[in-house]
Asks: 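Below are the structure tokens for one structure; questions will follow.
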Number of protein chains: 2
Amino acid sequence: MRLTTKGRYAVTAMLDLALHEGRGPISLADISSRQRISLSYLEQLFAKLRRNGLVKSVRGPGGGYQLSRDKAQIFVVQVIDAVNESVDATGCNSKGDCHEGDACLTHHLWCDLSEQIHSFLSGISLEDLVARKDVQAVSQRLDQQHLKTIDFQKIEATA
Amino acid sequence: MRLTTKGRYAVTAMLDLALHEGRGPISLADISSRQRISLSYLEQLFAKLRRNGLVKSVRGPGGGYQLSRDKAQIFVVQVIDAVNESVDATGCNSKGDCHEGDACLTHHLWCDLSEQIHSFLSGISLEDLVARKDVQAVSQRLDQQHLKTIDFQKIEATA
DNA sequence: CTAATAATTGACTAAAATAGTCGGTTAATG
DNA sequence: CATTAACCGACTATTTTAGTCAATTATTAG
């Protein structure tokens with residue numbers, strides 16, 4: 001099992017989409033600027049998210065990505081799964097063949113742990129996250145920083 | 001966060017010690033043979049377990065390792081920590097400085113998850129594991145295999 | 001039509017971690 | 001004094017992470 005920046009970035013980016021819904025597609029450049037995630041890396045992650053049916057894309061100017069369904073129907077565990085970060089804590093993908101075809105001494109312990117993590121993360125939707133006070137607070141801070149960056153870029157462009 | 005064979009091996013080896021307690025020290029060679037973990041790798045892991053005060057060692061013939069305290073007082077989370085596998089799911093070690101000195105959008109989510117995993121694993125002692133039916137069943141199977149291996153070695157030695 | 005925008009694809013890479021191996025040293029026992 | 005087994009440090013192949021870079025395709029505003 002692993003949970004690294006890959007899975008965290010994916011969830012963060014999806015939450016960014018959920019927070020800015022309703023104003024048309026969001027470009028990866030915007031997400032990259034707000035969340036400070038490398039644009040090229042986001043491209044890789046969104047390729048997987050799209051293949052897994054979590055987002056849909058619009059090409060060309062004004063294009064970007066949108067959630068493929070209601071944010072109440074997208075769960076954290078699905079996002080993590082989509083970028084290949086397994087939430088499974090066993091060494092045998094829960095098959096029970098970890099010790100020469102049979103279960104190893106601690107197999108059931110890791111199964112229980114996996115179940116625990118899975119049920120926790122599958123109980124949290126993007127809507128749940130959007131509703132959280134702490135998320136709203138951070139989101140506001142990031143949006144403001146983002147607006148400043150855009151203004152600065154406009155000034156630079158005219159100069 | 002990561003949970004790989006390193007942490008799983010450490011817990012498995014500690015559980016092996018707990019299961020064979022009372023017959024004096026257990027050698028790493030025995031654990032290696034029963035649990036099919038590389039002896040040299042076990043040496044590395046036990047160096048850390050010893051430095052963390054979870055086991056004590058006895059050198060020389062008949063030597064090996066023993067739990068440093070009662071198996072009811074050793075918890076899975078301590079074993080995983082000892083071999084440097086963090087149970088923390090945040091990218092900032094729960095410090096909240098994951099986005100340019102401030103919390104990132106999903107910081108609190110990962111904190112909640114860490115708390116969830118930590119409290120689960122810190123609630124399970126080696127004694128709890130020893131008492132489990134599934135563990136006892138696997139343990140019996142492994143012990144029998146181990147005895148056969150020893151007998152075979154004796155026959156080879158005399159021949 | 002054309003230039004700009006933005007997704008899409010594929011190949012490449014530096015750094016770190018994993019899962020070990022190998023050889024040698026030290027301490028205890030019989 | 002030979003054997004056992006812990007102890008120690010250095011080395012290594014493989015995999016994963018977290019990206020970069022370059023090129024292509026589709027869309028739209030002017």
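Bear in mind that the values here come from a model prediction, so they are computed numbers and not experimental data. Both backbone and side-chain heavy atoms feed into the values below; hydrogens, waters and symmetry mates do not. So that the names make sense, note that chain A is the first sequence line, chain B the second, and so on, each numbered from 1.
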Asks: Does A:Phe46 reach a base, just sugar-phosphate, or nothing at all? Heavy atoms under 4.0 Å.
Replies: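 The answer is nothing, as A:Phe46 stays clear of every strand by at least 4.0 Å.
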
Asks: Does the A:Arg51 side chain pair with the main chain of A:Phe46, one donor and one acceptor, at a distance under 3.5 Å?
Replies: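 Checking the backbone N and O of A:Phe46 against the side chain of A:Arg51, no donor-acceptor pair under 3.5 Å is found.
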
Asks: For the side chain of A:Glu85 and the backbone of A:Thr4, is there at least one donor-acceptor N/O pair under 3.5 Å apart?
Replies: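 Present.
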
Asks: Counting just side-chain N and O atoms, does B:Arg50 come under 4.0 Å of either OP1 or OP2 of D:dC8?
Replies: yes

Asks: If only atom types and distance count, is the side chain of A:Asp128 paired as donor or acceptor with the main-chain N or O of A:Ser125 below 3.5 Å?
Replies: yes

Asks: Just to be sure I follow the notation: if a pair is Watson-Crick (purine N1 to pyrimidine N3 plus N6-O4 or O6-N4) or a G-U wobble (N1-O2 and O6-N3), each under 3.5 Å, what dot-bracket string does DNA chain D give, with | for pairs to another strand?
Replies: ||||||||||||||||||||||||||||||

Asks: Below the 4.0 Å mark, does C:dA19 have OP1 or OP2 next to a side-chain nitrogen or oxygen of B:Thr5?
Replies: yes

Asks: Over all strands shown, is B:Ser27 touching base, sugar-phosphate only, or nothing at heavy-atom distances under 4.0 angstrom?
Replies: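 Counting heavy atoms under 4.0 Å across all strands, the contact made by B:Ser27 is with sugar-phosphate only.
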
Asks: Of the listed nucleotides (C:dA17, D:dC7, D:dA18), which one gets closest to any side-chain atom of A:Tyr41?
Replies: D:dA18

Asks: Just how far, in rounded Å, is P of D:dC7 from NZ of B:Lys56?
Replies: 13 Å

Asks: Between A:Gln35 (side chain only) and B:Leu105 (backbone N and O only), is there a donor and an acceptor less than 3.5 Å apart?
Replies: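 No; judged by distance alone, with no hydrogens or angles, the pair does not exist.
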
Asks: Regarding B:Asp30 and B:His20, do their side chains bring together a donor and an acceptor under 3.5 Å, going by distance alone?
Replies: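 Not at all, the side chains of B:Asp30 and B:His20 share no donor-acceptor pair under 3.5 Å.
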
Asks: Does A:Arg8 offer a backbone N or O that forms a donor-acceptor pair with the side chain of A:Thr12 under 3.5 Å?
Replies: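 Yes; judged by distance alone, with no hydrogens or angles, the pair exists.
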
Asks: On the side chain of A:Glu85, is there an atom forming a donor-acceptor pair with the base of D:dT16 - under 3.5 Å, no angle test?
Replies: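 Not at all, since no donor on one side and acceptor on the other fall under 3.5 Å apart.
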
Asks: For nucleotides 23-30 of chain C, just jot down a letter per nucleotide in 5' to 3' order: B, S or -, based on protein non-hydrogen atoms under 4.0 Å.
Replies: ---BSBB-

Asks: Could you check how far CG of A:Leu28 sits from C1' of D:dT20, rounded to whole Å?
Replies: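 Roughly 16 Å, once rounded to whole Å.
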
Asks: Can you tell me how far C1' of C:dT8 sits from CG of A:Leu45, to the nearest Å?
Replies: 14 Å

Asks: Mind calculating the distance between CZ (B:Arg51) and C1' (D:dA6) to the nearest angstrom?
Replies: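 To the nearest whole Å, that distance equals 13 Å.
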
Asks: Has A:Ser57 got a side-chain N or O lying under 4.0 Å from the OP1 or OP2 atom of C:dT8?
Replies: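 True: A:Ser57 side-chain N/O within range (under 4.0 Å) of C:dT8 OP1/OP2.
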
Asks: Between C:dA7, C:dA19, D:dT20, which nucleotide has the shortest distance from any of its atoms to the side chain of B:Lys6?
Replies: C:dA19

Asks: Atom NZ of B:Lys48 and atom P of D:dG9: how far apart are they, to the nearest Å?
Replies: 13 Å

Asks: With sugar-phosphate meaning primed atoms plus P, OP1 and OP2, does A:Ser40 contact a base, only sugar-phosphate, or nothing at under 4.0 Å between heavy atoms?
Replies: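 Contact class for A:Ser40: base.
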
Asks: Rounded to whole Å, please give me the gap between CG in B:Leu42 and P in C:dG20.
Replies: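 Distance, rounded to whole Å: 10 Å.
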
Asks: Can a side chain N or O of B:Thr4 be found less than 4.0 Å away from OP1 or OP2 on C:dA19?
Replies: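 Answer yes for this pair, as a side-chain N or O of B:Thr4 is under 4.0 Å from OP1 or OP2.
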
Asks: Please walk me through it: do B:Trp110 and B:Thr106 pass side-chain hydrogen bond (donor to acceptor under 3.5 Å, both in side chains)?
Replies: CA-CA 7 Å; B:Trp110 310 123; B:Thr106 46; 2.9 Å; yes

Asks: Would you confirm whether B:Ser94, through its side chain, and B:Thr90, through its main-chain N or O, come within 3.5 Å as a donor-acceptor pair?
Replies: no

Asks: Rounded to whole Å, please give me the gap between CG in A:Leu49 and P in C:dT9.
Replies: 13 Å

Asks: Atom CG of B:Asn84 to atom C1' of C:dA17: distance rounded to whole Å?
Replies: 11 Å

Asks: For B:Ser68 and B:Lys56, indicate whether the former's side chain and the latter's backbone hold a donor-acceptor pair under 3.5 Å.
Replies: no

Asks: Answer yes or no: is there a donor N or O on one side and an acceptor on the other, between the side chain of B:Gln73 and the main chain of B:Asp70, under 3.5 Å?
Replies: no

Asks: Looking at B:Tyr9, does any N or O in its side chain come under 4.0 Å of the phosphate oxygens OP1/OP2 on C:dG20?
Replies: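 Yes, because at least one side-chain N or O of B:Tyr9 sits under 4.0 Å from OP1 or OP2 of C:dG20.
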
Asks: Does A:Gln44 contact D:dT20 through a side-chain donor or acceptor facing the base, at a distance under 3.5 Å?
Replies: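 Flag set: donor-acceptor pair detected.
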
